[in-house]
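These notes concern the structure reproduced below.
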Amino acid sequence: MTPADLNDSLDRHIRIDKQHALSLAKLGIRTVKDLLYHFPVRYGDTAALTYIQNAKDGDEITLYGRIKKLKLDKTFRTKIARATAVIEDESGSISATWFNQPYIAKMYTEGEFVKVSGKIKLVKDSHVLNNPSIEKVESMPIGVGDDLFSQDGTRTEELSPIYKLTSGISSLWMHHAIQKIFTSEIFENLVDPIPDEILKRYNLPALRTALIWIHAPQKSNDALSARKRFAFEEIFLIQLQKLNTRKQLEHKTSYNIDISAKTLDAFLKTLPFTLTGGQKHVVDTVLKDLGSGKGMSRLLEGDVGSGKTAIAAAVAYSVTQTVPTGQKFGTLQVAYMAPTEVLAKQLFESFITFFEPFGLKVGLITGSGAYKFPSKVGNEKYTNISKPQLMKWVANGEIPILIGTHALIQKKVSFKHLALVIIDEQHRFGTNQRAQLANKDKFLPHLLSMTATPIPRTLALTIYGDLDLSVLDEMPKGRKPAITELVTDAKRKDMYEHIRGELESGRQAYIICPRIFEPDAQKQNVIMAKSVIEEAKRLSQKEFKGFVVDVMHSKLTKIEKEEKMEKFARGDTDVLVSTSVIEVGVNVPNATSIVIEGAERFGLAQLHQLRGRVLRSSHQAYCYLYSESKSEQTLARLQALKSAKTGFELAEIDLQNRGTGELAGGKQWGVSDLGMEAIKNLKMVEAARTEASTIIEEDSLSKYPLLEKIILTKKDIHFE
Ligand code: ADP
Ligand code: MG
């Protein structure tokens, strides 16, 4: 038998029946390591009061549970709005009622985890809670969360760990399973991947201590230290992996491209505008990278509309003016990847405009076809050609610029001299694909990745640790900011009237709703946040009667989505009612109004991005935020949209102002909730980065075999 290992299947060490195995799989627990790293979401400090079962008349309690049977109606005689719900925990359930707070029913969804505080009352033999305070908790460290990295919090209450569970697995089961591992040989032999001296430097507990402290703390301070350690560990490992990837790339050769100021100026002169200082700076930085002798790996962050395409075009142009080393003719090539067909086509058309004066050839390849500019036929600008034909021209170097969707990689396109890969809003694609594009060529193409997705700097430093960062924080001059308004029910009528005016003068509008469908019929009493389907129906019969209203959401097929988007882009649709899926970067300059229903449900950065959809033209844009929330904090948060300058600034505000529970968005970046705690802490992110880069720079990863193994087997974070 092979020696016991953390990656052993759990049932090698604990007896698990089939049902348990299924439940554990739901929680993502398969190996010993999965179990040990399934950390408590909180600690029930005064456990007796926390459980519903133990509640007594008159008790002031705080309990955590799942929300069930959410309902909104009116009291019988007084006709006061009344929201009711059942809160259920492991021990039992209790009914809760809120008077005059109908929005409660809209802000929560059945099945969600909530924290509820209030006074227990005995009504007709049952315990109830009237007007308790309520908040969402999803799955995060309550009580320890926000002071994770502070030094206070010396409480001595009982600290029983409470886990995120699923049916079939109780906290008690978890407790026993973990204790069993704690007393096993596997635990005895655990090796800490983090080097000792690093743990010492930051006063972090060693792995075994930390595991005991996090699962069975005696003091809350111990639990805090342990969480701090694991948060650090996560960020450190990501950084280490990213920096290692980067180091590997340094061994590869990229084209050394020297571009003269004259070449660049020739292109810039043809633009209908002059570059902003910010754009100029980024172009200079990129050109310097290209001529540095090393492969470029750069991420350009810039809000929607900040003019990233012009930067990409200037750089692409410059690269194509370079003759491959050792040749007398031919040019270096550029591949430009966009996330969707619509965007790829838009880019293709922009590039044609940019490069027409120079007679530069441009190709387009998507899932549905291949095109080439210039056309030899009639007065068409570009021609539909066969894919093999396009591939042939790309392979022999005749087409210097190829734009495309994922088809660029999937179709195994080969280039003759691919020098630069530009990626627009693909968030990130792995280093493998970049190498794949380079295929036969012995050179690794330079990489310019561009994003308008606002994330905080600490997160960027971590997940993009292998890239250099450029931030474009200046908008082209003369751009009118959107007029942003918080709308109340009273102002709804005016809002629709104003939008109708816009539509009548030929403009278009987006209406964003938080959900796709109305909840099922049985739950008709519950007025939930507006849904795309219902709202589109309502608007087309009422406020926007006579206009063409269409819908867009994630349940549509890819083809349907693209068709609808194209219809909207053509102006055939007046009003697009959509969830927040409307594609990042889609450019419909004629859309000037956007209404965001249930605005409190979106993060600030996301709201900012949605608003960016209507900032694509010289027309005045309008953004209406509707929220039923009466919370001052929420309203203040929404107000920040009027003052902050960039989406990245808003992402920062979001990060700092949100409670731990609301940070859960980290998952889309491959960072856990606990890891997001570290992301809130600049010092910790910097510390992790310093340590990681020291190891990589000193080339000493091999001194830490376990660390090396983890890094090399860890999947590269790859987001869609
Ligand atoms: P994004 O950064 O979202 O990709 P785009 O590159 O699509 O932004 O640019 C948005 C619009 O701004 C385009 O219509 C583009 O022509 C225009 N633009 C870009 N740079 C400038 C500039 N320096 N001055 C004026 N307009 C500009
Ligand atoms: Mg763009």
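Counting starts at 1 for both ligands and their atoms, in listed order. The first residue of the sequence shown is numbered 1, and numbering continues consecutively from there.
Considering backbone and side-chain atoms alike, Leu275 places every N or O at 3.5 Å or more from each N or O of ligand 1. At least one N/O-N/O distance between Gly305 and ligand 1 falls below 3.5 Å. Geometrically, ligand 1 and Thr274 share a nitrogen or oxygen pair separated by less than 3.5 Å.
Heavy atoms of Ser306 approach ligand 1 to within less than 4.0 angstrom. Within the 4.0 Å heavy-atom cutoff, Asp303 counts among the residues contacting ligand 1.
Residue pairs meeting the salt bridge (Lys or Arg N to Asp or Glu O under 4.0 Å) criterion with at least one member in residues 282-291, sequence neighbours excluded, are Lys280-Asp284, Asp289-Arg298.
Taking the centre and axis of the six-membered ring of Trp393, the NZ or CZ atom of Lys361 falls outside the cone set by 45° and 6.0 Å.
Across Gln279, Lys280, Lys308, heavy-atom proximity to atom 23 (N) of ligand 1 is greatest for Gln279.
Ligand-side atoms of ligand 1 in range of Val304: 3 (O), range being under 4.0 angstrom from any heavy atom. Atoms of ligand 1 found under 4.0 Å from any heavy atom of Thr276, numbered from 1 in the order shown, are 23 (N). Residue-ligand proximity, Pro476 to ligand 1, at heavy-atom distances under 4.0 Å covers atoms 20 (N), 21 (C), 22 (C), 24 (N), 25 (C), 26 (N), 27 (C). Listed by number with element, the atoms of ligand 1 under 4.0 Å from a non-hydrogen atom of Thr309 are 4 (O), 5 (P), 6 (O), 7 (O).
With sequence neighbours excluded, the residues that form a salt bridge (Lys or Arg N to Asp or Glu O under 4.0 Å) with Arg246 are Asp468.
Under a 4.0 Å N-O distance rule, the pair Lys567/Asp572 does not qualify as a salt bridge. Ion pairing between a basic and an acidic side chain is recognised when a charged N comes within 4.0 Å of a carboxylate O; Arg637 and Glu600 show no such pairing.
Taking the six-membered ring for Trp, Phe373 and Phe351 have ring centres at least 6.0 Å apart. Taking the centre of each ring, Phe348 and Tyr382 come in below the 6.0 Å mark.
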